[in-house]
Each structure stands twice: as C-alpha cells, then as structure tokens.
Protein chains: 2
Amino acid sequence: MKIGELAKSLGVSTDTLRYYEQHKLLTPSARSESGYRVYTQQQLRQMQFILRAKEVGFSLKEVQELLQIQIEKHQHSCEEVKEITIQKLHLVRTRIEELQRFEQSLSKLAQRCCGGPESADFCSILTALEDVDGTCN
Amino acid sequence: MKIGELAKSLGVSTDTLRYYEQHKLLTPSARSESGYRVYTQQQLRQMQFILRAKEVGFSLKEVQELLQIQIEKHQHSCEEVKEITIQKLHLVRTRIEELQRFEQSLSKLAQRCCGGPESADFCSILTALEDVDGTCN
DNA sequence: CTTGACCTTGGTGTTAACTCTAAGGTTTAT
DNA sequence: ATAAACCTTAGAGTTAACACCAAGGTCAAG
Ligand SMILES: [Zn+2]
Ligand SMILES: [Zn+2]
Ligand SMILES: [Zn+2]
Ligand SMILES: [Zn+2]
C-alpha cells in the first residue's frame, strides 16, 4: 500500500500520516525503490487503533503511550493501562465541570436579558458584567 | 496609576495588561513624560468588566465585541448582546456534550479493566481499542 | 550617587494537531 | 511523450492567551 491508498481507506490526509510518522505513532513497514512509503495490513490495524483511541478522547501523546504498551503487551500490566484511562477520565470530568459553570452563568445571563430591539442602555447582561456585585453566577 | 499598581490591584501580570492593550481591549488613558502608561478608575472598571466576562467563559475576541457594545451602549440593542451570549452558550453546550461522550467511553473502558498487576495481554481496554467491534462506547 | 524596583520596546517560546507550500522526482495512462 | 496523479523533503502557518527575555531608561530611598 502507498500512502495515498492508506489515507483514503482510513479517511485521513496523507499529511496526517506523515505527521504521525514524525511523531512516532506509525512507521511504514518499508520504502519502495523510489523512496515511497510502503504500508501493510499491520499498519492499517495500528492506525485503526490510533483513530479509535482518539475518538475516545485520548491525545496523541497518550495514544503513543498506549501503543507502546499494546506492542509490548506482556511487559506491561492492566494496572498501567487502567491508570492512563482513569487519569484521562479525571481530566475530562474536570473540564466538564468548568464548562458547566460557564453554562450556568451564561444561561442565567441570557435569561435575564429581554433580547428586544431597544437600546442596550439597561441591558441586564452588560450591567451584570459591569457591577461589582453583578450576579454573573 | 502605573501599570504595576493596576496589575497588582487586579491580580494579573503587567504582561497581560500590555497584551490586552496590543489586542485593543484596554488602552491606558495617557502616557507620563517618561513614557509610562497611566491608568484611571475608568480603566480599572473596564478591566473588571473584562475579567468578569472571561470568568463567564467568553474568549478575548468575544469580550472585545461586548466591550465595544458596552462603550457605545445606546447604539446597540439588547438583541445583539443576547445573541452573543446565546451563541456562546450553544458552543459551550456542544463542547460539554462532546466531553460527555468521551467520559462515557472512558468510564466504560475503565470499568471493564481489572486494573490488576498481571500482564496486559488480555487487557479489555486494549482489546476494545484493537478490535473493529471493540465496544469503546 | 548608587541600588533596586519599576518601566519601555520588540521579540521569541509555549501547546496540539495538523495544514499548506515550494520545489522537485515517479508512475501510469493515453 | 506528455499530462495527471502521485510521491518526496523541509519548513512555515494556524489558534489562544499569555509568559519570558534582553537591553536599556526612570525614579524613589538611603
Ligand atoms: Zn432588554
Ligand atoms: Zn439585554
Ligand atoms: Zn486485567
Ligand atoms: Zn486491563
């Protein structure tokens, strides 16, 4: 398989594949005489692993860790894998909480504003942001 | 007020104030003879507005829009202000949903892995990521 | 009169995950 | 034989919101 074929079958760009190579996520199995990258089913499966891990929310850096473990499975433990997953989970939850605070504040602000066509001179969103005690939250 | 005093009273760095100036969020009211930035109560209030808007989740670009409106209030409508708020709200909600999907997937993965000290040869997290039908979600 | 704390400008560095460009070599089909 | 489609490399650009640095000017206190 050449890079374009692999890219097409995965729905990613050739740039992405070269980028992953640079970042040690996927190495072609060989080069052709003319220097073209050559991939096998093995690499296809590895890319599928990478893409699934990304879908689940792992960053490329984390995917790299997981890949390393997956490749040398018997030198690593379940504990290790679960640890990475749990850490990511905590991170995601923290971010969700932050965004939920934003959501609370924004929806309260929006509720109080009439949203009408009159001038914003007394807009409650603006006054909430202006006043020291503006109840933004 | 000089930049250091304003920074301290707001709990931000002087770098941040200069950055905001570059990005048209806050202009000092004047310069001293020696070229120092001079700020008044007016700028202090404007910075408080900016910081409150940021706390609520607005990006600096959005804050800039809001500031423009706040400064020329009577040339703008409640509708406009509410629109910006609602748009941000939608964006935040979309992001929350995405993260919640991540959370779902990750917690299911984590639940299925025993997390023990044995080798990861049969780790269910890895197999879920490997298999085409691995139930990652 | 000399520290030391403050101020100035302009510039680079950070993070993530690509995307795009330029300048050129290779393959395949017509 | 030539155009289209593919491939190569190295490097720059994107976004957000600053942080940090160098080289130098300014100001108050002791
Ligand atoms: Zn109104
Ligand atoms: Zn309003
Ligand atoms: Zn296990
Ligand atoms: Zn496991």
Side-chain angles (χ1 to χ4, degrees), chain A residues 1-40 43 46-47 49-67 87-88 91-92 94-95 98-99 102, chain B residues 1-39 43 47 49-67 87-88 91-92 94-95 98-99 102:
Chain A
M1 259 177 153
K2 280 189 292 185
I3 197 172
E5 305 171 83
L6 181 60
K8 188 169 288 177
S9 78
L10 288 164
V12 304
S13 74
T14 56
D15 274 330
T16 298
L17 290 174
R18 287 189 210 100
Y19 177 82
Y20 284 4
E21 183 176 349
Q22 266 194 341
H23 291 75
K24 320 267 177 206
L25 287 156
L26 182 79
T27 311
S29 72
R31 291 296 182 121
S32 75
E33 281 185 18
S34 48
Y36 288 13
R37 289 167 177 81
V38 175
Y39 300 91
T40 67
Q43 275 79 48
Q46 184 156 337
M47 265 304 286
F49 181 97
I50 294 172
L51 294 178
R52 265 180 231 118
K54 277 195 37 149
E55 267 171 36
V56 165
F58 288 114
S59 70
L60 291 187
K61 200 173 172 185
E62 289 153 346
V63 173
Q64 208 181 0
E65 264 187 286
L66 289 172
L67 264 179
Q87 272 196 13
K88 187 70 188 182
L91 212 132
V92 167
T94 302
R95 184 77 181 118
E98 189 189 358
L99 287 174
F102 287 169
Chain B
M1 259 178 152
K2 280 189 293 184
I3 197 171
E5 304 170 83
L6 181 60
K8 188 169 287 176
S9 77
L10 288 163
V12 303
S13 74
T14 56
D15 273 331
T16 298
L17 291 174
R18 286 188 210 101
Y19 177 82
Y20 285 4
E21 182 175 350
Q22 266 195 339
H23 293 74
K24 321 269 178 204
L25 286 156
L26 182 79
T27 311
S29 71
R31 291 295 181 121
S32 74
E33 281 186 18
S34 47
Y36 288 13
R37 290 167 176 81
V38 175
Y39 301 91
Q43 275 78 49
M47 265 304 286
F49 181 97
I50 293 171
L51 294 178
R52 266 180 229 116
K54 276 194 38 147
E55 267 171 35
V56 165
F58 287 113
S59 70
L60 290 188
K61 200 173 171 185
E62 290 154 345
V63 173
Q64 209 181 0
E65 264 187 285
L66 288 172
L67 264 179
Q87 272 197 12
K88 186 70 188 182
L91 211 133
V92 167
T94 302
R95 184 78 180 116
E98 189 189 357
L99 287 174
F102 287 168

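By convention in this document, chain letters (A, B, ...) are assigned in the order of the sequence lines, proteins followed by strands, and residues within each chain are numbered from 1.
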For the pair A:R95 and A:E98, find out whether any cationic side-chain nitrogen is under 4.0 Å from an anionic carboxylate oxygen. yes
May I ask you to verify if any side-chain N or O of [X] is less than 4.0 angstrom from the OP1 or OP2 atom of [N]?
X	N	value
B:Y19	D:dA16	no
A:R37	D:dC7	no
B:K54	D:dC18	yes
B:S34	C:dC7	no
A:T16	C:dT19	yes
B:K8	C:dA5	no

In whole Å, what is the span from the [atom1] atom of [X] to the [atom2] atom of [N]?
X	N	atom1	atom2	result
A:I3	D:dT8	CD1	P	5 Å
A:L51	C:dA17	CG	C1'	13 Å
A:Y39	D:dC6	OH	C1'	14 Å
B:Q22	D:dA16	CD	P	15 Å
A:E21	D:dT8	CD	P	8 Å
A:K88	C:dA16	NZ	C1'	11 Å
B:E33	D:dT26	CD	C1'	12 Å
B:Q64	D:dA17	CD	C1'	13 Å

Between [X] and [Y], is there a donor-acceptor pair closer than 3.5 Å when you use the side chain of the first and the backbone of the second?
X	Y	answer
B:K88	B:G57	yes
A:E5	A:K2	yes
A:Q46	A:L25	yes

Whichever of B:R18 and A:S13 has the more 5' nearest nucleotide on DNA chain C, that residue is B:R18
Closest non-hydrogen atom pair, B:S13 against B:A7: C-CB, 4.0 Å
Touch class at under 4.0 angstrom, heavy-atom based, for A:S32 against every strand present: nothing
Which listed nucleotide ([options]) is nearest to the side chain of [X]?
X	options	answer
A:Y36	C:dT9, C:dT26, D:dC18	C:dT26
B:D15	C:dC20, D:dC20, D:dT26	D:dC20
B:R31	C:dT9, C:dA17, D:dA17	C:dT9

Nearest heavy atom decides the nucleotide; on that basis, is B:S59 or A:E5 closer to the 5' end of DNA chain D? A:E5
